[in-house]
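Working notes, structure below.
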Amino acid sequence: MYPQLAIEAAAQSDVGRRRSRNEDSFAALPYLGLFMVADGLGGHAAGEVASRMAIEVVKSCFEEDDELEETWPRGEASLRERDEVRLVLSVRRANRAIYEASQRQEAMRGMATTFAGVLLAPGMAYIAHVGDTRVYRMRGGKLERLTQDHTLLEELLQDGDGVLEAAVALSERADAVTRALGCDETVEIASRVEATAPGDVFLVCSDGLWGPVPEERIAGVLRGHGELSLAAGLLVDLANEHGGPDNVTCVLARLGGG
């Protein structure tokens, strides 16, 4: 493993104004360089159980530092390659654990969760996600989204059919998640690798934040408040001020160094 990086972190989660329970789970683990949010799907059984399992399984894969059983780079594989593979395979393991638990217990049947995670290593950020939980990066005062939602609307937008896009955008199914952990025995996990720079701030958040709050408002909070714990609290407050339609969770991590 690498020497521990200089990373500041903060996290905040809230049930919102329209939900009776919080089905989001999260982890901010600077000692591992690992930051995650999982959002149990509304309308699915035991969403809070699924989101908690996702976080715990991925965390355990890094804490135990054991070899995952799937294809693993060997021989001349670099630490960076191993980090990227470990993150993706840990999310794959979480998917399988959730799916198998749902098959064993009738009360858990159909449980699922979205997931997004960032692993920070020297000079690099590894991102893995499934669903509509997002990862952003703030650099030089500019906020950039690093993930693409797995939703019906987003996928149709990629197809480029303007008429169909407009019809779906007006429908109640526009924000339907097309991919999540636990729905099936296997799942396609989106991943991305980004070079990092000192001062980069990574935001991992559920749709309870980015849904009601415009991205420019999110960027304004991050630009105006260097204390991450304060920024996280203000982001949650903003979501609730915009109606708090869902559980809202945000995890912030800032890279130190010169």
Gap between atom [atom2] of [Y] and atom [atom1] of [X] - 0.5 Å precision:
{"X": "Thr178", "Y": "Asp132", "atom1": "OG1", "atom2": "CG", "answer": "9.0 Å"}
{"X": "Tyr31", "Y": "Glu63", "atom1": "OH", "atom2": "CD", "answer": "3.5 Å"}
{"X": "Met124", "Y": "Glu194", "atom1": "CE", "atom2": "CD", "answer": "8.0 Å"}
{"X": "Thr113", "Y": "Asn95", "atom1": "OG1", "atom2": "CG", "answer": "10.5 Å"}
{"X": "Glu227", "Y": "Glu8", "atom1": "CD", "atom2": "CD", "answer": "9.5 Å"}
{"X": "Met36", "Y": "Leu87", "atom1": "CE", "atom2": "CG", "answer": "9.0 Å"}

Is a side-chain N or O of [X] found less than 3.5 angstrom from the main chain of [Y], in a donor-acceptor match?
{"X": "Arg19", "Y": "Arg21", "value": "no"}
{"X": "Arg109", "Y": "Ser102", "value": "yes"}
{"X": "His242", "Y": "Gly211", "value": "no"}
{"X": "Thr151", "Y": "Ala176", "value": "no"}
{"X": "Asp207", "Y": "Thr133", "value": "no"}

Worked check of side chain to side chain contact (heavy atoms under 4.5 Å, CB included) between Met111 and Met53
CA-CA 11 Å; Met111 68 179 179; Met53 284 185 66; 3.8 Å; yes

Considering residues at least two apart in sequence or located in another chain, which fulfil the side-chain hydrogen bond (donor to acceptor under 3.5 Å, both in side chains) criterion with Arg18?
none

List in chain and number order the residues that pass side-chain hydrogen bond (donor to acceptor under 3.5 Å, both in side chains) with Ser25, two or more places apart in sequence or in another chain; answer none if no residue qualifies.
Ser51

For residues [X] and [Y], report the shortest heavy-atom separation together with the two atoms involved.
{"X": "Arg179", "Y": "His150", "value": "NH1-NE2, 3.3 Å"}
{"X": "Tyr126", "Y": "Ala121", "value": "CE1-CB, 3.9 Å"}
{"X": "Gly182", "Y": "Ile98", "value": "CA-CG2, 3.6 Å"}
{"X": "Val15", "Y": "Asn247", "value": "O-ND2, 2.9 Å"}
{"X": "Val177", "Y": "Gly131", "value": "CG1-CA, 4.0 Å"}
{"X": "Ile189", "Y": "Ala128", "value": "CG2-CB, 4.1 Å"}

Step by step, would you call Phe35 with Leu119 a side chain to side chain contact (heavy atoms under 4.5 Å, CB included)?
CA-CA 7 Å; Phe35 306 90; Leu119 175 65; over 6 Å; no

Spell out, yes or no, whether [X] and [Y] are grouped together once hydrophobic residues are joined by side-chain heavy atoms under 4.5 Å, including indirect joins.
{"X": "Val57", "Y": "Leu89", "result": "no"}
{"X": "Leu5", "Y": "Val118", "result": "yes"}
{"X": "Val58", "Y": "Ile55", "result": "yes"}

Can a side-chain donor-acceptor contact be found between Thr249 and Asp24 if the only test is distance below 3.5 angstrom?
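Yes.
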
Testing the 3.5 Å rule here: is there a donor-acceptor pair between the side chains of Asn240 and Asp14?
yes

Is any side-chain heavy atom of [X] less than 4.5 Å from a side-chain heavy atom of [Y]?
{"X": "Thr186", "Y": "Tyr99", "result": "no"}
{"X": "His129", "Y": "Val135", "result": "no"}
{"X": "Phe115", "Y": "Val37", "result": "no"}
{"X": "Arg17", "Y": "Pro245", "result": "no"}
{"X": "Thr114", "Y": "Leu41", "result": "yes"}

Within 6.0 angstrom of Arg192 CZ, more than 12 heavy atoms from elsewhere:
yes

Between Arg254 and Asp200, is a salt bridge (Lys or Arg N to Asp or Glu O under 4.0 Å) present by the stated rule, with each step listed?
CA-CA 6 Å; Arg254 179 167 54 219; Asp200 280 352; over 6 Å; no

Connected-component partners of Leu228 among ILVMFWY, side-chain separation under 4.5 Å
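ILVMFWY cluster around Leu228 also holds Tyr136, Met138, Leu143, Val201, Leu203, Leu209, Trp210, Val213, Ile218, Val221, Leu222, Leu230, Leu234, Leu235, Val236, Leu238, Val248, Leu252.
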
Salt bridge check: are Asp149 and Arg134 linked by an N-O gap of less than 4.0 Å?
yes

For Glu241 and Arg217, what are the C-alpha separation, side-chain angles and deciding distance, and is it a salt bridge (Lys or Arg N to Asp or Glu O under 4.0 Å)?
CA-CA 12 Å; Glu241 288 171 11; Arg217 293 294 306 278; 5.1 Å; no

